**Q** 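This is the structure I want to talk about, given as structure tokens.
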Amino acid sequence: MSSAEGMSAPAILSAHRISKSFGEIPVLFSIDFDIKPGEVHAIIGENGAGKSTLIKVLSGLEQPTSGTISYDGKTAVLPPNGEAEAMGIVVIHQELLLAEHLTVADSIFLGRELTKNGFLRLADMRAQAAAILDTLHVNVDPDARINTLSVADKQMVEIAKAISRDARVLIMDEPTAVLSQGETQTLFEQIRRLTARGVAVIFISHKLDEIMELAQRVTVLRDGQLIATVGTEALTPDSIAQMMVGRELSNLYPPKHEPDVDAPVVLSVRNLVAPGVKDISFDLRKGEILGFAGLIGSGRTAVAEAIVGLNPRDDGTVEVNGTPQDFTDVAKSVAAGLAYMTKDRKGRGLLLNVGLEPNLTLLTLKKHLKNGFLDGKSEASALERAVRRFDIRARDASVKVGQLSGGNQQKLMLGKTMEAEPDIIIMDEPTRGIDVGTKQQIYHIVAALAAEGKSIILISSEMQEVIGLSHRVLVMREGRLAGKLEGAEIAEAEIMRYAAGIKQGGDDERISA
Amino acid sequence: QDQIKIGVSIPAATHGFMGGLNWHAAEAEKRLEAANPNIDIIIVTADGPADQASDLEDLVSVHQIDALVVLPFESEPLTEPVRAVADTGAFITVVDRGLTDPSIQDVYVSGNNTEMGEVSAEYMMTRLGDGDNIVILRGIPTVLDTERFDAFMGKIEGSGINVLDNKFANWNRDDGFEVMQDFLSRFPDIDGVWAQDDDITLGVVEAIKQAGRESEMFVVGGAGMKEIVKGVMDGDPLVPVDVLYPPAQIATAMDVTVNHFISNGPVTGSYILGSPLITQENAEQFYFPDSPF
Amino acid sequence: MSVSAHEAAKPGRSFRIDLKTLGPLLALILLVILGYSLNPAFLNEGNITNILTRSAFIGIIAVGATFVITAGGIDLSVGSMAAFIAGVMIIVMNTAVDALGASIWTVLLGIGCSLILGVGAGYINGFLTTKAKIEAFIVTLGTMGIYRSLVTYFADGGTLSLASGARDIYRPVYYESFLRIPIPVWVFIFVAIIGWVLMNRTAFGRYCMAIGSNEHVARYSAIKVDRVKTATYILQGLCVSLATIIYVPRLGSASSATGVLWELEAIAAVIIGGTMLKGGFGRIGGTVIGALILTAIGNILNLTEIISNYLNGAVQGVIIVAAVYLQRGSLRGARKKAE
Amino acid sequence: MSVSAHEAAKPGRSFRIDLKTLGPLLALILLVILGYSLNPAFLNEGNITNILTRSAFIGIIAVGATFVITAGGIDLSVGSMAAFIAGVMIIVMNTAVDALGASIWTVLLGIGCSLILGVGAGYINGFLTTKAKIEAFIVTLGTMGIYRSLVTYFADGGTLSLASGARDIYRPVYYESFLRIPIPVWVFIFVAIIGWVLMNRTAFGRYCMAIGSNEHVARYSAIKVDRVKTATYILQGLCVSLATIIYVPRLGSASSATGVLWELEAIAAVIIGGTMLKGGFGRIGGTVIGALILTAIGNILNLTEIISNYLNGAVQGVIIVAAVYLQRGSLRGARKKAE
Ligand SMILES: Nc1ncnc2c1ncn2[C@@H]1O[C@H](COP(=O)(O)OP(=O)(O)OP(=O)(O)O)[C@@H](O)[C@H]1O
Ligand SMILES: Nc1ncnc2c1ncn2[C@@H]1O[C@H](COP(=O)(O)OP(=O)(O)OP(=O)(O)O)[C@@H](O)[C@H]1O
Ligand SMILES: [Mg+2]
Ligand SMILES: [Mg+2]
């Protein structure tokens, strides 16, 4: 809410009666939208409402089926393929768009390399990249290859890339979905700095508090229709949710049932050492939701991947239901009733170029065999179940998963993991990119699973989520457990203190509980 | 007494005839090295003209050969590389395919592609006459194939024998089989087949047998593969004759070259091995049951 | 509201599937028309039988290659492997004939030996790619050279020929027909059906596609990536072995010239059939048609005289490129219309 | 909180870069040791010069192939293209000699003609892959057949030979040295340096990697993907043309046997050098070493008689696989230690 001086200025980019169809399927219906210099204009809406599609149209990546776009007051046909960037329209896409083999610096400057006499100014690019990353407080080496980064770091590289460009309109499609609070605040600082310079920012997020904090105006989409564009001051989180989902969202988090302290330990990790993990010990009880909090890169994912056998374990033991386990691949952990849902839905979770069914059943294909052959009916009914349970919205089952909206991909991945009917579920950023309505559903599902006696490890960068769901919270920092919180101790400030290293985990005994 | 190093550069054993040639070279090496302790023979094989040029360089730079026996992959491209070897003072024996500049070589040992084509045509003409139909299966498009083909066509011209078509069968049994199958479905009346090479002949024979048209036609092959010679010897009506193109010429060339060093006088000149017609009567003398070819 | 979309979807989807098989098929049909117009003998029963029988070798191998390529690998060794297996089969059968005389058991021994070698060779390729982590291209380029050399060595540079006693017993496997369809064609049909079922109706096929499309996702989905990849090479070896089993009775011989460039033909058949070289998507039906297209081109060139022999390769090249273009083009066109 | 990781990263990084070039280099050094121990003449100046000069052909072509492969493509046509360009060059030069007599201009005409053909042939491959959207494998398989046929046709099944007048003028381009280094080696060095700079120090190289790594990303980054891809094929054509320019004076002829399997050697050199066949990452330095490794293997096989000639291919195969294994292995080992 820093700079509102541009509010009365004329719009820099505006859309008039924009409609967009993919083939015969309409996605956007006659949308009006505009953004002024120095303004943050948020777009919100359910998964599949058409937010990403709208910003693709606004940046030239998709051409509207009908309607016009004006830029700088003049009607314009935006050039395709990211060429609009040269005109000052810069986009951070919801789906990470980075080439895995390039280095961080290469990625930041891709398409507009700094050159001198035709040669790359490598040192300059590296230095500039480092400087930008520094302002974002990101600790990645500009020479690191993208495929060695965590999802969150990749997202930060995307942000760095966008910020480094000379943007007049900066469009961000769910940039904070995998970021924790610290990183989000850093990003907001940068956004405020930019808007102060007159940059117009279009911001998409499912995190309503962020919207309240950052945006001056909010546009709400539902099923491709424009519901309203209103000033933020007139809104409350409840009324936004009301507009988005079309119904009241009373309690987002289900009531926590009392954890049973005598419940048997189902997963016991002792002195785990693995890539990115330095000596971690903890227990998970039956029916418990154990939250994992921490900054990005603090090693939460690395712990999960070491447990299920995706990464080699260098030391330590893992016991499931009292039996020592040495998972060397995922199949073994799944067979032992332990399933891990990755946060990297695009790179690790889903096959983007095939339809919904093969993705849903890939983890549990053996269940869909009849006499040794795949049973299409069984797969179809599994999909039907998952579609109902997780409210997956797709044109049809054969649509390529890559064409689903981000949130629907995430729901599909949830469905895929749940197909394994695990007793222990490790969920890594389970609500990444999911709208509030569905989030509520998912939270209730998670709580219900715990009530049924399933055990859940919840890795999330959304602090509220961890706080709202977990019975206990472990906070990680630089590959170690920094603190452990229980019951009433679970509060934002406390978690932050551990995560940032301001508070240490007191006596070590307590941490390795 | 100094070691005398003789380099032998030949194409690799990629088809039957070259396989036979490789075998004869290896046999000759064993025989000659055993008989002459001061002779060291080094055989190198090449996959193409450029590769062979490299082999020649290596024989000079690494082995410092005193003599070279070379069967050039192709005549023109290898003329200069062989000249480079000759310039080091080595004794040069060229086999089979002549260089464009014959003055480079000291000895030339060769079969005779033109004669081979002509002998094949002459035999055809003894069996067939005006209005009879033949088909031709050629080798790989190269100079020696063209020599054989042109000689054959030149000879047969005016005899009234129709050449229905010619196709390349790449000196390969499988290709011979398939091309012949297609000739058989295409032409209802074939009286004779010139297969030019015995690997092709074997495929052709199978195709004819498969079609059940053995009694209609006969096949003339070439080179003198042991299976074919055996058939001729046994009086196979489908393959009544063969035309020799001796793979053993490499052994002759090696013998001659060794002779140059161990006999008193210098050895020079051309040794053209003819392409006689192998018939049931004389087949025995061309039959080497131990050869792989 | 997700349901309404669901319903609309079904017809469009089945239509698209039709088109996918239609592409290569269309190219094949055009080729048949071309063949017939150049020489009506093209459609003689005899000629068609010839084409089918010939395409069996490449076709069977290409079915195996479809799995390897779908799972993101490549196998350049198949041609040499065929030559090698044929060579060893002949040596083994000849030895058996010398020792025990020729009987049906000789042939069965040879066939068994071929199957073992095929599986073994496939396993070696798979092991070196997955466990030693060497690029498939390098591994199979290496084994290609090794098998080719070995058969040349065994044959002493010449040709290995099957003893005539065994040959007579074995011969029908290539030359006989059942219900007027030659046995090699039956084997091809059999392999194609098994391959199709494996690819489209079993978990294994699904795993191949998943691995070829994104190996990470496959690993995170509890798929034993190395094992499945190795299995594709073994399957490829098995297919090579089957192709060799019907190849040997044809001419009863093996030499260094056997199976030269079959790898290129097999891969071409797979790609013509619509499978992507980058992996992730395999079509057995397309592969079968691809093999038929390749064989038909060769056959058509033998049935006409209108072009210089020297230009056969050029015509072949043009037709392959045109066939693929047509197929992709027709697909694009029809899709556009369908949209 | 970001600082600690930052510091730790730096040393590891420079070390890793060293290792990457070290891999193929190590394999090459082992090969040199092997060669020397088999026959000390291996390290004669003459022999080393021979190896370097020979590796120039494949090496120059492989530099071009590095770009094509890095950008996610493949070019099977390079060997035939070389034969075709050599053939046309010879025809043009011979015609010129007939009309005007032999002079330096004849040779320059031939060279100019070669460059035009190389660029044109590359453009055709690029056009068919990017505009007609046919798989690179199929396109270049097709053009491979076409060029090979055309040269056979032009040569009437025989050999095209350069008129001796022109030959005498042209000859030094292969056989002469400058500062004791043969001219082909100079050309190779020159091409490698240009290639290295292009790949690592220009936006074009970045674009190739980006396209090979993820075409979508490249597209969304406003990179003209089709144009860059076409450019890689043109570059490949140019490299083939340069290789041909130094090849023709060597043997002064072209035939259907010219350049057979060069495509396989070139791709092998690229992969041995550490570039990935799937694209996204190209190493010119590795490619150069890969070409040297391949040439050295061929040379070593000529050094000794301990193995049967029939087994040359097998030895070659084993060494290639072992070299790549060693290289990857040493890399892994050293990385582990570094960690
Ligand atoms: N390329 C495409 N082809 C076909 N349909 C598409 C394509 N891109 C998007 N869609 C469809 O358009 C609709 C809107 O998707 P969009 O990605 O804009 O949603 P979103 O509002 O961004 O949702 P989310 O919050 O989940 O990211 C979805 O139904 C999606 O399946
Ligand atoms: N396989 C691995 N090899 C080496 N280092 C690894 C590996 N996996 C993770 N790391 C490192 O461990 C650290 C923790 O990463 P991890 O992704 O687990 O963090 P996280 O807490 O899940 O954060 P994020 O939200 O960024 O994913 C990172 O610095 C990462 O680079
Ligand atoms: Mg979206
Ligand atoms: Mg010797």
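Chain A is the first sequence line, chain B the second, and so forth, proteins listed ahead of strands; every chain is numbered from 1. All values derive from a computational prediction rather than experimental measurement.
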**Q** Pick one of side chain, backbone, both or neither for B:A13, based on which atoms fall under 4.5 Å of a heavy atom in chain D.
**A**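 Just its side chain gets close to chain D.
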
**Q** With a 4.5 angstrom heavy-atom cut-off, could you sort out which part of B:T146 is near chain D: side chain, backbone, both or neither?
**A**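 The side chain, not the backbone.
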
**Q** Counting only heavy atoms closer than 4.5 Å, note whether D:Y247 contacts chain B via side chain, backbone, both or neither.
**A**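 For D:Y247, side-chain heavy atoms alone lie under 4.5 Å from chain B.
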
**Q** Against chain B, label D:N44 side chain, backbone, both or neither, depending on which of its atoms sit under 4.5 Å from a heavy atom there.
**A**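 The side chain, not the backbone.
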
**Q** At a 4.5 Å cut-off on heavy atoms, which part of B:Q64 comes close to chain D: side chain, backbone, both, or neither?
**A**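 When you check distances to chain D, only side chain atoms of B:Q64 fall under 4.5 Å.
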
**Q** Got a salt bridge between D:R171 and B:E80, using NZ or NE/NH1/NH2 to carboxylate O under 4.0 Å?
**A**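 Salt bridge: yes.
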
**Q** Does the side chain of B:D47 reach to within under 4.5 Å of the side chain of D:L261, using non-hydrogen atoms?
**A**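 Not touching, per the 4.5 Å side-chain cut-off.
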
**Q** Once you round to the nearest 0.5 Å, how far does CD of B:E76 lie from CZ of D:R167?
**A**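 The CZ atom of D:R167 is 10.5 Å from CD of B:E76, to the nearest 0.5 Å.
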
**Q** Between the side chains of B:D51 and D:R54, is the shortest nitrogen-to-carboxylate-oxygen separation below 4.0 Å, so that they form an ion pair?
**A**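 Salt bridge between D:R54 and B:D51, a charged N being under 4.0 Å from a carboxylate O: no.
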
**Q** Do you know which of B:T79, B:D58, B:T45, B:L78 has the most heavy-atom pairs under 4.5 Å to chain D?
**A**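 Of B:T79, B:D58, B:T45, B:L78, B:D58 has the most heavy-atom pairs under 4.5 Å with chain D.
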
**Q** Heavy-atom cut-off 4.5 Å, strictly under: side chain, backbone, both or neither for D:N47 against chain B?
**A**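 Both parts, backbone and side chain.
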
**Q** Kindly compute the distance separating NE2 (B:H63) from CG (D:N302), expressed to the nearest 0.5 Å.
**A**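 Atom-to-atom, B:H63:NE2 and D:N302:CG are 6.5 Å apart.
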
**Q** For D:L117, enumerate each residue passing the side chain to side chain contact (heavy atoms under 4.5 Å, CB included) test, keeping only those at least two apart in sequence or located in another chain.
**A**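 Scan of D:L117 (side chain to side chain contact (heavy atoms under 4.5 Å, CB included), adjacent residues dropped) gives D:F84, D:I85, D:V88, D:C113.
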
**Q** Can you confirm whether B:F168 is buried at CZ, in the sense that more than 12 heavy atoms of other residues, nucleotides or ligands lie under 6.0 Å from that atom?
**A**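 Check passes, neighbour count above 12.
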
**Q** Sequence neighbours excluded, which residues qualify as side chain to side chain contact (heavy atoms under 4.5 Å, CB included) partners of B:N36?
**A**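 For B:N36 the side chain to side chain contact (heavy atoms under 4.5 Å, CB included) partners, ignoring immediate neighbours, are B:L32, B:N38, B:I39, B:V258, B:I262.
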
**Q** Looking at B:S75, B:P49, B:P77, which one forms a side-chain contact (heavy atoms from CB on, under 4.5 Å) with D:S253?
**A**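 Going through the options one by one, the only one that passes is B:P77.
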
**Q** Taking side chain as C-beta onward, heavy atoms only, is B:N22 less than 4.5 Å from D:Y310?
**A**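 They are in contact (side-chain heavy atoms under 4.5 Å apart), so the answer is yes.
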
**Q** Report the distance from atom OG of B:S61 to atom CZ of D:F42, rounding to the nearest 0.5 Å.
**A**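 Between B:S61 OG and D:F42 CZ, I get 10.5 Å after rounding to 0.5 Å.
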
**Q** Is chain B contacted by the side chain of D:N312, its backbone, both, or neither, given a heavy-atom distance below 4.5 Å?
**A**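 Side chain only.
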
**Q** Mind ranking B:A53, B:P81, B:A84 by heavy-atom pairs under 4.5 Å with chain D and telling me who comes out on top?
**A**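 Highest number of pairs under 4.5 Å: B:A53.
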
**Q** Is B:D145 close to chain D through its backbone or its side chain, or both, or neither, when contacts mean heavy atoms under 4.5 Å?
**A**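 Answer is neither: B:D145 stays 4.5 Å or more from chain D.
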
**Q** Which of residues 174-184 of chain D have a heavy atom under 4.5 Å from any heavy atom of chain B?
**A**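 The stretch touches chain B at D:Y174.
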
**Q** With sequence neighbours excluded, tell me which residues meet side-chain hydrogen bond (donor to acceptor under 3.5 Å, both in side chains) with D:T159.
**A**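 Applying side-chain hydrogen bond (donor to acceptor under 3.5 Å, both in side chains) to D:T159 gives B:E74.
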
